[in-house]
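The structure under discussion appears below in the form of structure tokens.
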Amino acid sequence: EAGVTQFPSHSVIEKGQTVTLRCDPISGHDNLYWYRRVMGKEIKFLLHFVKESKQDESGMPNNRFLAERTGGTYSTLKVQPAELEDSGVYFCASSPLRHGGADTEAFFGQGTRLTVV
Amino acid sequence: AQKVTQAQTEISVVEKEDVTLDCVYETRDTTYYLFWYKQPPSGELVFLIRRNSFDEQNEISGRYSWNFQKSTSSFNFTITASQVVDSAVYFCALSEARGSGGSNYKLTFGKGTLLTVNP
């Protein structure tokens, strides 16, 4: 079974440009999460989807970031316009919905390393 | 607010040595989950263990063991007889355990500890 896949693995863009990151969760996983690690800092929560609905986007840094999950399958995270401080590694994770109080761990992708120059 | 502290930024050991990675957490929740993830050079975060706040039993899995102490808010990870393949960044994390995300909801991570095991 395929794991969580993220595209691209690396992206170098100029300040002011737009970049779109994509995450394909494990098939059947309704929970999808985006996290970000800025150089030297902790991995931080950005947002959480359940199917196509945003459950919590409290971690989104500002309105230059837009996440979508049309159809409840893959998700995209668009940064427009990108700034230097957006550089970092963006992780996506997925997990099944919890049933009866039991759940499994979240599975993470390999991340997208974004460099804004 | 939740917080996870991994005071050791980098640790270097020689193969076959035992090594303990420290993790201290802060939370006001009475129900929470603690995790350890491994990040090998390939970049993905690999799940190692999840513990809920009501289960303080220590756990052993092969060469890995975890010591959960609620009294000191610590969840330390020990690798016995380390191997070169254990070289990676290890992250400790804490979750709020709410809603449909369950135990995976809104993980708070530490900064990670880079473990290098030399032959």
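Here is how names work: the chains are called A, B, and so on, in the same order as the sequence lines, proteins then strands, and each is numbered from 1.
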Measuring from atom CD of A/E105 to atom CG of B/L45, what distance do you get when rounded to the nearest 0.5 angstrom?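 Output value for this atom pair is 12.5 Å.
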
If you count every heavy atom of other residues, nucleotides or ligands that lies below 6.0 Å from B/F47 atom CZ, does the total exceed 12?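 More than 12 within 6.0 Å, yes.
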
Taking atom NZ of A/K54 as the centre, does the number of heavy atoms from other residues, nucleotides or ligands within less than 6.0 Å exceed 12?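 Count over threshold, so yes.
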
Which residues in residues 84-93 of chain A have any heavy atom closer than 4.5 Å to a heavy atom of chain B?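 Within residues 84-93 of chain A, the residues that come under 4.5 Å of chain B (heavy atoms only) are A/F91.
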
Throw together a table of side-chain donor-acceptor distances under 3.5 angstrom for residues 109-116 of chain A, partners on residues two or more places apart or in other chains.
residue: A/Q110; atom: NE2; partner: A/Q6; partner atom: O; Å: 3.1
residue: A/T112; atom: OG1; partner: A/P8; partner atom: O; Å: 2.6

Any B/F109 side-chain heavy atom under 4.5 Å of A/K41 side chain: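 B/F109 does not reach A/K41 side chain to side chain.
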
Single-linkage hydrophobic cluster [X]~[Y], side-chain heavy atoms < 4.5 angstrom:
| X | Y | answer |
| --- | --- | --- |
| A/L21 | A/I43 | no |
| A/L32 | A/V50 | no |
| A/F49 | A/L77 | yes |
| A/F45 | A/M60 | no |

Which residues, ordered by chain and number, are linked to B/L21 in its hydrophobic cluster, where ILVMFWY side chains connect at heavy-atom gaps below 4.5 Å, directly or through other members?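 B/L21 clusters with B/V4, B/I11, B/V13, B/V19, B/Y25, B/Y32, B/L34, B/W36, B/L48, B/I49, B/Y64, B/W66, B/F68, B/F75, B/F77, B/I79, B/Y90, B/L94, B/L115, B/V117.
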
My understanding is that a hydrophobic cluster links ILVMFWY residues whose side chain heavy atoms are under 4.5 Å apart, including indirect links. Using that, what else belongs to the cluster containing A/V12?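 For the cluster that includes A/V12, the remaining residues are A/V117.
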
At a heavy-atom separation under 4.5 Å, does A/S9 approach chain B through its side chain, its backbone, both, or neither?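 The answer is neither part of A/S9.
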
Relative to chain A, which segment of B/Q39 carries a heavy atom at a distance below 4.5 Å: side chain, backbone, both, or neither?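 Contact with chain A is through the side chain of B/Q39 alone.
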
Would a line drawn from the ring center of B/Y37 to the ring center of A/F108 be shorter than 6.0 Å?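 Here the rings of A/F108 and B/Y37 have centres that are less than 6.0 Å from each other.
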
Identify the heavy atoms of A/S58 and B/K106 that sit nearest to each other, and give their distance.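 Taking A/S58 first and B/K106 second, the nearest heavy atoms are OG-NZ, 2.8 Å.
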
Answer with yes or no whether the side chains of A/K44 and B/T108 bring together a donor and an acceptor at under 3.5 Å.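 Their side chains do not contain a donor-acceptor pair, so the 3.5 Å distance test is not met.
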
Ignoring hydrogens and angles, tell me if any N or O in the side chain of A/Y35 forms a donor-acceptor pair with the backbone of B/L107 under 3.5 Å.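 Confirmed, A/Y35 side chain pairs with B/L107 backbone.
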
